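Worksheet: one structure, shown below.
Source: prediction; values computed, not measured. Within every chain, numbering begins at 1; the chains are lettered A, B, ... in the order of the sequence lines, protein sequences first and strands thereafter.
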Amino acid sequence: MSLLPAETRPDNSGRGLSGGRGDDGLRNDGLQNNGPPVNPGLPEDFSSRIRRRGDRAPAPPFESWETKSERRSRHVLFLEDISVSFDGFKALSNLTFYLGEGELRCVIGPNGAGKTTMMDVVTGRTRPDSGEAWYGDGLNLLELDEVDISLAGIGRKFQKPSVFESLTVWRNLELALKAPKTVLRTLLARLDPGDRDCLEKTLELVRLTDQAGKPAGVLSHGQKQWLEIGMLLVQKPRILLLDEPVAGMTPAEIERTAELLLSLEGGHSLILVEHDMEFVRSVAKTVTVLHQGRVLAEGDMARVSSLPEVMEAYLGLEEE
Amino acid sequence: MSAARTAGAPAGTGRRERVFDLPTKVFCALLTLPAALLCAGSLGSPGGALHVQSHTMLVLGKCLCYATLALSIDLVWGRLGLLSLGHGAFFALGGYAFGMYLMRQIGARGVYAASDLPDFMIFIGWEKLPWHWQLSHSPALSLLLAVAAPAALGLAFGWSAFRSRVSGVYFSIISQALTYALMLAFYLNALGFGGNNGFTDFKSVLGRDIRSPGVVAALFAMSALTLLGSCLLCRALAVSRLGLAMSAARDNENRTRFIGYRVENVKLFVFTFSAAMAGLAGALYVPQAGIINPSLLAPVFSVEMVVCVALGGRGSLHGAAAGAVLVGLLKSWLTGAHPVVWPIVLGALFVLVSVFLPGGLAGLVRDLAARLSPGRGENAGADAGGGSGRGDGDNDADDDADDDAGGGNGDDGDGSEKRRKEFSAAAAAASGEAPA
Ligand SMILES: Nc1ncnc2c1ncn2[C@@H]1O[C@H](COP(=O)(O)OP(=O)(O)OP(=O)(O)O)[C@@H](O)[C@H]1O
Ligand SMILES: [Mg+2]
């Protein structure tokens, strides 16, 4: 057990993390300013968590324990045996999901499969009934709230575009910008040239430069989606969760979004939920199919989509 | 187009707003110039043509205090989306804190001339000052208390409300309950605030006659400066990044958390600041009104101030202040001339404004200004329409982001049917490729 802390996080070696972006700085800033329950830097905290993690499940046989810890150490995010139920209805049941550092993962599944609920669990909006969720350098996501999780480097784009409609495009981005976000620091915050540059580049990237001064409320649906992606980018998160990012976009816009997301792969880890199969095919290497709250299949798109049970789930031969 | 973009840095409209925008400049000018003239007039010789009577100064000074209170309400209502129906509590608390000093200044000139204690304490048989009157000998400390006590109350109240994520109409109700409970408490003689009658019959402030022209002008000037300072501070707050976070929290509180802001801390900070501002206004109000009693704690007073904000234009800050001055003047004229019609006029005003002037007076002024400089207005309209033609075809039927998780199965059959077809097409294509 005591081996775990040392090997849980591989990124100390510098692999995968976007160089020069200072993601570590972000994590530390956020954690210090907001006083989350734990500081991952302290070995005592860390080992106590690991022990607690071990306490819950009976010690597995040696081989499987090793593979499990190894598997954990290769991943930036893992969910194990997560169950969520709403009034008896199981939205997620024993979901297990691993996301690698720098990986772009598509999650697909029919309506109500639990994709959004999975994101809710990762971002602290929904507390699961059981299971574990760990992130990065041994942060227990189930002990943190939305704000801490966001500051720790998990950014999210919602299914329905949710930009701040009364603020201009520029100010939406400024607000999301990676910075200390305590009240006083926010009050005194100024845009330094570096920030300005970052915002301008992001505007350029999401093609909203000409809209910078307009209230976000007047943007088209597709533009709002892009603005939200832009807001996600300026947060410089380590993991990006994108819930249906291309809904409401024109084919040309979709193509551009695909390019954009592919360019992020490697530097960031992404979880992408999408119904547009054309789009998924164009970006996905690994696809996870959720159905009725569980993982139905996982693998490359061609293999997954040829599986009969996946076809069945999609074609609506529901068991109920 | 792209040349223009690269030449001048992108659209200046995207930049941070200035504290001194045009409406703020106009407001400052409309406040300071007349205020200076009035002060000069009131200090002039009583026979002079431009002489302003003390009575007028007192009425106007009170209106300026109402304006600061309205500003503090607008800061939390317009900018943060918290409708406080209990801001009168902070105003009154500030008033009582400074009123204690004014009571001590009466000294042995009261009805019971034998003692330095305030009359009402002698009346209920107290022999020495209670603990909470200990600071009341000093005007500076009293003024400090007039800011600190409301701020502390605002902090405690806000902390308990925001921590348990009370918002919307529930927040309005408990804020009203707060001022109501305080009113009941302040009616009690045993609390040491004069009960029913409150504090009155003030004689002097800083050793000078409280109704001498110099003191009246000074109080008026301080009220004007307080309003000016509060207004500029509110502007500075509104244009800071914290101001953006405030608007964001107002529009979508949950979303704001997901980009890393502790919304409850933002609310707590602004609410406490607003309570302190209201307290200072109350402290300046009491010497000019010459009385303070629990009627300021009655919910109806707080609601009246909210009506002022709505009339002036919610969220406009200066508009709210202007609305309070106008309503204050109207009230002081009507309650003198036709006291019975005042509540009716106030109610009618509120209804008319909410139906015909949703933006309040500030909105009206803005529309007029836009009409006078047509170029800008037209462009804004055209821009607003420009982006909406594209890519809006897909399903827009999801719920709000706050409950998008709930929208899963509720989707119409159409969308999922389409998605299934898309999927099987993609699947067919994929499996076609697989062997190769
Ligand atoms: N807060 C909630 N209360 C009750 N039921 C919920 C709640 N959130 C989600 N559900 C249910 O859980 C199931 C999974 O929902 P979820 O939103 O995760 O699906 P999804 O895979 O994102 O679907 P879609 O593709 O339509 O977005 C659905 O049946 C939904 O009705
Ligand atoms: Mg969903």
Segment of Tyr261(B) engaging chain A (4.5 angstrom heavy-atom cut-off): both

Without hydrogens or angle criteria, can the side chains of Gln292(A) and Lys90(A) be said to hold a donor-acceptor pair below 3.5 Å? no

Honestly, the part of Asp300(A) sitting under 4.5 Å from a heavy atom of chain B is neither

Evaluate the ring planes of Phe171(B) and Phe162(B), with Trp represented by its six-membered ring, and classify them as parallel (under 30°), tilted (30 to 60°) or perpendicular (over 60°). parallel

For Leu184(A), is it the side chain, the backbone, both or neither that has a heavy atom under 4.5 Å from a heavy atom of chain B? side chain

Given the options Pro251(A), Ser166(A), Ala176(A), which has more heavy-atom pairs under 4.5 Å with chain B than any of the others? Ser166(A)

What residues, two or more places apart in sequence or in another chain, satisfy side-chain contact (heavy atoms from CB on, under 4.5 Å) together with Pro215(A)? Val218(A)

Contacts of Phe279(A) meeting ring pair (Phe, Tyr, Trp, His ring centres under 6.0 Å) (sequence neighbours excluded), chain-then-number -> none

